[in-house]
Protein chains: 2
Amino acid sequence: MQELTIRQKQIIDISINIISERGIRNLTMKNLSSELGISEPAIYRHFESKQKILIAVLDSFKHQNKLINENIQNNGETSFQNLISVIEMIIKKLNNNPAMSAVIFSEETFQNQSELSGMVMNIMNSTIGFFTNIIGRGQKDGSIRSDIGKDELSVIVLGSVRHIVTVWRLSGFKVDLNKSGEKLIKSLEVMIAA
Amino acid sequence: MQELTIRQKQIIDISINIISERGIRNLTMKNLSSELGISEPAIYRHFESKQKILIAVLDSFKHQNKLINENIQNNGETSFQNLISVIEMIIKKLNNNPAMSAVIFSEETFQNQSELSGMVMNIMNSTIGFFTNIIGRGQKDGSIRSDIGKDELSVIVLGSVRHIVTVWRLSGFKVDLNKSGEKLIKSLEVMIAA
DNA sequence: CATTAGTTAGTTAATATACACTAACTTTTT
DNA sequence: AAAAAGTTAGTGTATATTAACTAACTAATG
């Protein structure tokens with residue numbers, strides 16, 4: 001990650017805003033320029049293409065993900081509690097950043113741009129890998145049930161989290177994600193504990 | 001559902017094909033016409049707009065859904081077995097019809113076209129309502145665990161199914177959906193049984 | 001210190017391409 | 001002969017991007 005200029009950061013921020021509020025389809029150079037208050041071509045002084053802007057957006061998400069993953073591992077909980085904290089944190093993060101769900105959970109968007117869809121896959125994979133690791137540890141230390149494989153448990157956990165996030169997104173972010181998140185976490189706790 | 005002409009059915013079929021193989025973004029009048037072997041304007045002899053074509057596609061999915069739902073309810077299994085059958089059937093159906101996942105799981109696509117996004121929501125809601133019903137019955141007849149609400153169980157079941165379908169779709173339909181479906185079903189069986 | 005050269009960030013106008021859709025005419029079917 | 005289903009040639013709109021130019025600031029040089 002190179003250092004970004006103020007203007008570049010601003011472009012990324014506004015892009016994320018547009019994606020959150022109006023969807024990735026409306027992230028056009030025209031809309032971007034009008035919200036920035038500069039002309040379309042001026043944007044090209046800061047990013048060489050629209051694709052590079054999207055890459056920068058994904059990079060920022062990736063970076064956020066990384067920070068969370070690092071944060072989590074170092075705070076002396078059991079792996080079971082650890083897992084719950086991670087889920088809570090992910091929901092919190094998405095709640096504060098709707099664009100992230102809009103970008104990462106709408107895969108269709110990037111179907112032809114292999115670099116972009118590769119990045120999305122990458123973020124998804126690192127997330128599920130992260131889940132699988134925690135669950136594996138929990139199975140070893142006896143805090144998470146072992147009669148179901150860690151991969152399947154990861155699918156179930158991540159899948160249901162993704163699902164409530166999607167419903168939230170489809171509702172135009174009107175549904176209370178924190179509330180449905182809490183309910184889900186309670187249920188998952190019961191189902192996953194050893 | 002009005003009666004459709006042969007040509008209209010063909011247009012719907014080819015649309016579904018294009019969506020499956022190249023994504024909904026590539027469902028353009030140009031691509032459609034070239035695969036149909038007729039000119040673009042000729043298509044307008046059969047559908048008054050592209051939107052009407054998409055509506056017809058969604059209608060066909062809705063119809064398929066309905067057929068499955070009806071089929072399922074009448075075959076003297078316990079509700080638990082019933083649920084498993086439904087999941088199996090959904091995975092089978094999607095496996096044979098990738099376009100359905102491409103359309104139904106890419107809600108973003110229709111965000112501005114309220115009629116279309118309404119139809120997608122409708123299909124999703126009827127699916128989850130269907131799950132919730134079966135699970136509710138299972139909790140009454142004692143074949144499904146009752147310590148977790150039926151709504152939460154539905155979210156977990158549907159969410160994890162959606163998740164493996166998404167991974168399958170992101171892989172370009174290369175991952176073996178039947179296989180990951182089987183694994184998931186086995187795990188869900190263990191977790192959901194009373 | 002003043003001039004020269006270069007950089008940065010912006011402008012307006014234009015370009016190429018893709019899209020859904022239409023008008024007017026022709027062929028095919030009944 | 002009339003209706004249905006097709007054609008070619010075009011429209012208007014949107015999109016990302018480029019071209020040509022400018023104002024304001026910064027660094028280098030005589």
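When reading the values below, keep in mind they use all heavy atoms of this one structure, side chains included, and skip hydrogens, waters and symmetry mates. To find a chain, count down the sequence lines: A is the first, B the second, and so on, and within it residues start at 1.
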### Task
Would you check, one step at a time, whether the test side chain to side chain contact (heavy atoms under 4.5 Å, CB included) holds for A/I87 with A/F131?
CA-CA 9 Å; A/I87 299 172; A/F131 271 70; 4.1 Å; yes

Just the rounded figure in Å: distance from [atom2] of [N] to [atom1] of [X].
X	N	atom1	atom2	answer
A/K30	C/dA14	NZ	C1'	15 Å
B/F47	D/dA5	CZ	C1'	15 Å
B/I6	D/dG6	CD1	P	12 Å
A/K52	D/dA16	NZ	C1'	16 Å
A/L36	C/dG10	CG	P	9 Å
A/I24	D/dT15	CD1	P	14 Å
B/R25	C/dA18	CZ	P	14 Å

If you look at every strand shown and take non-hydrogen atoms under 4.0 Å, does [X] touch a base, only sugar-phosphate, or nothing?
X	value
A/T28	sugar-phosphate
A/L27	sugar-phosphate
A/L32	nothing

Respond yes when some side-chain nitrogen or oxygen of [X] is under 4.0 Å from OP1 or OP2 of [N], and no when none is.
X	N	answer
B/R7	D/dA4	no
B/S39	D/dG6	no
A/H46	C/dG10	yes

Sequence neighbours left out, what passes side-chain contact (heavy atoms from CB on, under 4.5 Å) with [X]? Give chain and number order.
X	answer
B/S143	B/T78, B/S79, B/F80, B/D141
B/T28	B/K30, B/N31
B/S39	B/P41, B/A42
A/S126	A/N65

### Summary
With sugar-phosphate taken as primed atoms, P, OP1 and OP2 and all else as base, the protein-contact string of nucleotides 21-30 of chain C at under 4.0 Å (heavy atoms; B, S, -) is BBBBB-----

### Message
Going by side chain to side chain donor-acceptor pair (under 3.5 Å), name the pairs with one or both residues in residues 181-194 of chain B, residues two or more places apart or in two chains.
### Response
none

### From CA spacing to verdict: side chain to side chain contact (heavy atoms under 4.5 Å, CB included), B/I192, B/I148
CA-CA 9 Å; B/I192 282 174; B/I148 295 175; over 6 Å; no

